[in-house]
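Read the structure below first, then the notes.
Every chain is numbered from 1, with letters handed out A, B, ... down the list of sequences.
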Number of protein chains: 2
Amino acid sequence: MHSFTEENYLKAIYKLIEQEGDVVSTNAIAEKMSTKAASVTDMLKKLSDKKLINYQKYQGVTLTPKGEKVALNIIRKHRLWEMFLVEKLDFKWDEVHDVAEQLEHINSDKLIEEIDKFLNYPKVDPHGDPIPDAKGKLNIPKSHLLSKFKKNDVCIMTGVVDHSTAFLQYLDRSGIALGSEIKIKEIIEFDRSLQITINKGASIFISNDVAKNILVIIK
Amino acid sequence: MHSFTEENYLKAIYKLIEQEGDVVSTNAIAEKMSTKAASVTDMLKKLSDKKLINYQKYQGVTLTPKGEKVALNIIRKHRLWEMFLVEKLDFKWDEVHDVAEQLEHINSDKLIEEIDKFLNYPKVDPHGDPIPDAKGKLNIPKSHLLSKFKKNDVCIMTGVVDHSTAFLQYLDRSGIALGSEIKIKEIIEFDRSLQITINKGASIFISNDVAKNILVIIK
DNA sequence: ATAATAATTTAGATTAGTCTAAAAATTATT
DNA sequence: AATAATTTTTAGACTAATCTAAATTATTAT
Ligand SMILES: [Mn+2]
Ligand SMILES: [Mn+2]
Ligand SMILES: [Mn+2]
Ligand SMILES: [Mn+2]
């Protein structure tokens with residue numbers, strides 16, 4: 001149907017629109033895909049010919065409904081596979097992303113529905129990211145970056161932006177997990193770093209870089 | 001490491017050597033891969049450069065130890081995934097082959113070891129084919145084609161050659177399953193078709209074509 | 001409004017894998 | 001042993017995805 005490469009571009013565009021805003025630039029895609037802008041332009045022409053994206057030279061890109069459906073299906077598969085690896089095999093949440101990057105391209109409707117059933121229809125993946133249903137619908141309220149909150153706010157950790165092993169292991173070491181209650185005790189002006197408590201425990205410091213990669217909902 | 005295409009060629013060569021004999025021809029590979037002889041020649045040069053096969057122009061092909069190791073690892077993954085689909089998800093034995101053709105190329109040692117553990121280290125797949133261990137060793141005695149046996153022989157069904165949905169569903173309808181006791185009541189000279197009984201039941205006819213796709217061990 | 005800078009696209013190559021048609025080598029038949 | 005048939009390889013071309021370098025368009029600063 002679509003090549004792995006096409007699927008990866010569509011997923012990247014979806015995620016960029018999700019966080020960055022309405023239209024996404026050639027350079028942003030190139031950065032996300034670790035490729036060159038010229039390669040991106042070639043692919044944009046191809047995806048546009050296939051009616052998967054809206055693309056006008058120099059004007060940036062959006063997904064068509066068709067393209068969004070493909071992207072959401074890849075994301076669904078990625079997150080269900082991550083959940084399978086953690087729940088059924090002995091994977092830790094920091095070990096699953098790279099394998100899921102491969103598994104998300106396996107093409108079998110029956111397979112993914114059976115995995116969904118096997119896992120008892122989970123709503124979120126091991127990183128707290130919502131899993132789209134078979135129709136591509138997301139049924140979970142949107143979380144926000146911890147870095148956006150202010151002094152004395154109390155919130156619940158619901159997910160991460162960065163899925164890298166290094167970052168996830170840092171969270172493990174710091175005692176920050178999905179569902180943890182995080183209270184902001186202080187925000188340091190100079191570097192926007194935070195003093196927080198986790199589950200009402202002793203306070204710790206985290207950098208703004210870290211706070212920008214933690215997703216929470218207000219309590 | 002190796003591309004999907006290279007892996008598929010190595011697997012095809014392994015299987016051809018396994019059944020056909022010691023050396024395998026360009027045309028045989030082309031047929032098995034549903035491609036053209038010219039494409040095969042191109043790939044043989046490449047695999048030879050990588051020291052995965054022994055290849056001399058016009059002289060046919062064998063696998064090097066390195067190439068055989070790669071082939072056996074792909075076969076291991078294919079068969080473990082088939083077992084997973086049948087044992088843990090609701091797949092029938094005639095539904096698993098095409099999905100396993102994709103899953104066999106997923107590259108993660110941890111994943112395949114965990115799947116093996118999850119299945120409790122099975123020795124054979126849903127079609128009775130032996131599963132190589134992590135070192136590439138096969139620990140199951142070799143089966144033979146039902147078409148090779150003679151009148152009054154009694155044997156046990158252990159596997160199939162053809163993995164197609166059509167053939168497996170035919171076996172289901174005929175009541176022939178892994179472990180069935182098959183007795184050869186009569187061999188018709190004219191077309192080498194067989195009259196057999198299954199588990200001492202009523203006798204049925206099967207063509208030589210069918211008998212050549214059923215693997216058995218003598219009882 | 002013009003010039004400088006940054007973003008994006010085009011031009012031209014490269015690599016993996018495939019194909020058809022033609023040439024060369026091997027095998028079989030007289 | 002020579003010829004015919006078959007198998008295999010080579011030659012040249014195509015597509016998908018990528019790259020570098022150059023050209024073009026858009027944005028920002030003067
Ligand atoms: Mn992930
Ligand atoms: Mn995830
Ligand atoms: Mn199979
Ligand atoms: Mn099998």
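A:Val96 places a side-chain heavy atom less than 4.5 Å from the side chain of A:His127.
In this structure, A:Glu6 atom CD and D:dT18 atom P are separated by 10 Å, rounded to whole Å. If you measure from atom CE of B:Met33 to atom P of C:dT18, you get 7 Å, rounded to the nearest angstrom. In this structure, A:Tyr58 places its OH atom 6 Å from P of C:dT10, rounding to the nearest Å. Separating the CG atom of B:Asn27 from the P atom of D:dA5 is a distance of 18 Å, rounded to the nearest angstrom. Going from atom CG of A:Asp42 over to atom C1' of C:dT8 covers 12 Å, rounded to whole Å. As rounded to whole Å, 15 Å separates atom P of C:dT8 from atom CD of A:Gln56. Atom-to-atom, CG of A:Asn8 to P of D:dT18 comes out at 9 Å; the value is rounded to the nearest Å. Distance B:Lys57 NZ to D:dT10 P: 4 Å, rounded to the nearest Å.
Base contact: A:Thr41 has a heavy atom under 4.0 Å from a base atom. When heavy atoms are screened at a 4.0 angstrom cut-off, A:Phe4 is found touching no nucleic acid atom at all. B:Ser39 comes within 4.0 angstrom of a base, heavy atoms only.
C:dT30: Watson-Crick or G-U partner is D:dA1, with both key distances under 3.5 Å.
Exactly one residue among A:Asp133, A:Asp129, A:Asp116 makes a salt bridge (Lys or Arg N to Asp or Glu O under 4.0 Å) with A:Arg76. That residue is A:Asp116.
A donor-acceptor contact shorter than 3.5 Å links the side chain of B:Asp153 to the backbone of B:Lys150. A:Ser147 contributes no side-chain N or O that, together with a main-chain N or O of A:Asn208, makes up a donor-acceptor pair within less than 3.5 Å.
Contact annotation: B:Thr5 does not reach the phosphate of C:dA16 (side-chain N/O to OP1 or OP2, under 4.0 Å).
Nearest-nucleotide positions on DNA chain D place B:Ala38 closer to the 5' end than the other of A:Tyr9 and B:Ala38. The 5' end of DNA chain C is approached more closely, in terms of each residue's nearest nucleotide, by B:Met43 than by the other of B:Lys36 and B:Met43.
The residues B:Lys15 and B:Glu18 are annotated as not salt-bridged, no charged nitrogen and carboxylate oxygen being separated by less than 4.0 angstrom.
The side chain of B:Tyr55 sits closest to D:dT9 out of C:dT8, D:dT8, D:dT9.
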